[in-house]
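Bear in mind the structure is a predicted one, so any value in this text is a computation, not a measurement.
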Amino acid sequence: MTPRILPLLLLSLSACASGGTSSMQLYPLQGEIAQADPTLVIQAKTTNTNSTSGTLTFKLPERGKCEGTWSSLTPRTVSRSKGLSLTWKKTGGEVGAETETVAGVNNGEIYAVCDDGTRVQGTFVIGSGTASGTGSATDTNGNVYKLLF
């Protein structure tokens, strides 16, 4: 392998391992933020959306940047196989493991702390194998939000 190809290969592998990013919207329903601007949509960025938890970042008006974590309780099944295979393509023994997501609706939570100390906490439901869901959140200043992603 030439010295120029190795850095490109490592860069492409790290991009694949990132797990994906997605957005989440927080819609203020009650509290000072909803009263100030009822049409405001707060955009949040989530990372590692191909897994069951990741980081969460967004900005609240006059509260600054908020950083935290999202987590989803996504059950998975693991099946293992071993034995003898007598096909033209696979002759000999076979050992393997397969993990798959169980179909259903899974629960999740978000928690973030803003620059001014405001804490945002919420719950959501998400479909297995999807990156979309709905829920609600509140902050320590009395604001209530609808979560959609």
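Within the 4.5 Å cutoff, no side-chain heavy atoms of F149 are placed close to those of T46. Inter-residue side-chain proximity for V120 and T138 is flagged as unmet; no heavy-atom pair is nearer than 4.5 Å. Side-chain contact check for I42 versus F58: some heavy-atom pair is nearer than 4.5 Å. Between Y27 and V41, the closest side-chain pair of non-hydrogen atoms falls below 4.5 Å.
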Inset, instruction - Decide side-chain hydrogen bond (donor to acceptor under 3.5 Å, both in side chains) for K45 and S22; before the verdict, give the C-alpha distance in whole Å, the side-chain angles of both, and the deciding distance to 0.1 Å. - result: CA-CA 6 Å; K45 179 182 173 187; S22 188; over 6 Å; no
Legend entry - Residues V125, T134; criterion side-chain contact (heavy atoms from CB on, under 4.5 Å); working and verdict: CA-CA 6 Å; V125 292; T134 182; 4.0 Å; yes
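N141 and T118 share a side-chain donor-acceptor pair at under 3.5 Å. At a cut-off of 3.5 Å, with distance as the only test, a side-chain donor of T55 or T47 sits close to an acceptor on the other residue. Between the side chains of Q43 and Q25, at least one donor-acceptor pair of N or O atoms lies under 3.5 Å.
In this structure, CZ in R63 is found 12.0 Å from CZ in R119, a value given to the nearest 0.5 Å. Distance check, rounded to the nearest 0.5 Å: CE of M24 to OG of S132 gives 11.0 Å. With rounding to the nearest 0.5 Å, the separation of NZ in K65 from SG in C114 is 11.5 Å.
Under the side-chain contact (heavy atoms from CB on, under 4.5 Å) criterion, E62 pairs with no residue at all, not counting sequence neighbours. Judged as a salt bridge (Lys or Arg N to Asp or Glu O under 4.0 Å), and not counting sequence neighbours, D115 has no contacts.
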